[in-house]
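Below, all heavy atoms of this structure are taken into account, side chains as well, without hydrogens, waters or symmetry copies. Just so it is clear, the structure is predicted and the values come from calculations on it, not from any experiment. Both ligands and their constituent atoms are indexed starting at 1 by order of listing. Throughout, numbering of the chain's residues begins at 1 and tracks the sequence.
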Amino acid sequence: MTIHEPGLAELIQRNAERITFTTEMDELLAGARLLFVCVDTPPTYSGDADLSRVRAVVEELPVDSDHVLIMKSTVPAGTGDSIRRDMPGLSYVSCPEFLKEGTAVADFQNPDRVVVGSDPGDEQAAAAVEALYRPLGGEILHTDVSSAEMIKLASNAFLATKISFINEIANVCEEVGADVGEVARGMGLDERIGSSFLRAGIGYGGSCFPKDVTALKMLAGNSGYHFQLLNSVIEVNELQKRRVVGKLGAHLGSLLGKRVALLGLAFKPDTDDMREASSLVLAARLQGEGAEVVAYDPVARERASELLGSVEMADSALAALDGADAAVLVTEWREFAELDWSEAAARMARPLLVDGRNFLDPVALRAAGFEYEGIGKKQEIGAPS
Ligand code: UGA
């Protein structure tokens with residue numbers, strides 16, 4: 001199994017003639033007018049965005065009329081204002097990034113929209129950024145700097161809200177015997193709602209949603225506003241990662257000494273990123289209940305091993321399922337759809353699967369001998385063994 005998007009090394013190789021690398025600031029500044037700041041802004045202990053890397057880069061940059069600083073990093077609204085206050089005369093444009101891990105190149109090449117935020121005096125700089133992006137297509141939206149910064153945070157927070165909303169709908173569906181897949185399809189056909197980001201599951205993870213939802217909540221709080229809704233979005237997401245434990249318990253009774261296989265560990269497929277992955281919380285909760293946890297991920301194994309030292313790492317999905325009392329599909333890797341599930345059922349001590357991403361075909365799984373349970377689907381609880 002490979003990640004389908006070209007890696008950085010491959011991209012560099014493909015475009016070798018068009019890229020010049022240097023570690024010398026003078027050489028960089030002599031050869032470039034538009035200077036993109038693309039460093040990460042991880043969360044601090046307080047939940048605010050850590051801007052130390054942004055500041056370290058910005059301090060290196062010149063304040064002159066030959067260069068434009070373009071902020072790609074996700075920063076709290078107000079950051080641009082504060083940088084411009086500290087560095088009068090600097091040309092500053094906020095141009096937030098909206099690409100997704102795993103499809104970053106395709107997203108970059110086909111943007112839904114390009115947001116160009118600038119304040120009075122920087123019209124030429126904004127025009128230069130627009131000219132750079134225009135060939136890619138997509139609507140170009142000009143705003144002031146603070147609004148551009150807010151668009152980024154609000155977009156991520158809204159997508160996370162959609163996910164927590166559909167996850168709560170899924171939980172209600174289980175109570176009333178409805179199917180969240182059908183519900184999401186029916187909702188999504190309303191153009192005002194839209195069908196994307198309505199896939200129920202075991203919660204969102206990654207380096208962006210958890211961090212940016214909290215950063216927006218903190219930004220609001222620091223400014224004196226209590227962002228009530230985002231508290232719920234975060235709480236629902238935390239609880240959603242844990243619900244699987246209850247589902248397993250409903251089938252197995254006590255999890256003490258039960259062997260549970262996790263299929264997939266990365267926060268989503270086509271990446272090896274383990275940041276805020278739901279698997280981390282799930283594995284810890286299962287171990288807390290006394291279960292023995294074994295896991296397989298086609299790509300994230302190495303990174304996951306560093307974080308999940310007490311979890312046994314298997315070399316294949318079938319090896320992970322060998323002798324297991326239950327399995328949880330955590331990440332919807334394509335290879336799991338192609339697995340020989342009859343063979344898997346034969347190898348397991350009890351062929352019980354909780355599909356945390358509603359990824360597999362329940363009819364096929366049941367035909368292969370599985371007790372199958374998804375998220376937000378009718379409960380099919382058998383008698384505890
Ligand atoms: C996200 C945004 O989608 C990008 O627009 C943004 O640029 C990026 O964050 C960022 O700020 O850098 P990313 O974190 O790569 O991108 O991944 P997503 O595809 O958005 O998925 C995030 C999480 O939500 C994953 O754990 C995924 O499994 C989960 N998800 C997504 C759901 O649970 N349900 C859905 O319907 C969609």
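The existence of a salt bridge linking E371 and R350 is confirmed by a sub-4.0 Å separation between a basic side-chain nitrogen and an acidic carboxylate oxygen.
D48 and T44 share no donor-acceptor pair across their side chains, judged by distance under 3.5 Å alone.
Using a heavy-atom distance under 4.0 Å as the criterion, the protein contacts of ligand 1 are E97, F98, L99, K100, E101, K152, N156, I163, F197, L198, R199, Y204, G205, C208, F209, D212, F267, K268, R357.
With sequence neighbours excluded, the residues that form a salt bridge (charged side-chain N to carboxylate O under 4.0 Å, His left out) with D179 are K377. With sequence neighbours excluded, the residues forming a ring-ring contact (aromatic ring centres under 6.0 Å, His included) with F370 are W341, listed by chain and number.
Within 6.0 Å of atom CD in Q124, 12 or fewer heavy atoms from other residues, nucleotides or ligands are found, so the atom counts as exposed in its surroundings.
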Mind listing the side-chain donor-acceptor pairs of residues 20-34 below 3.5 Å, one per line with the distance, residues two or more places apart or on another chain?
residue	atom	partner	partner atom	Å
T22	OG1	E24	N	2.9
T22	OG1	E27	OE1	3.1

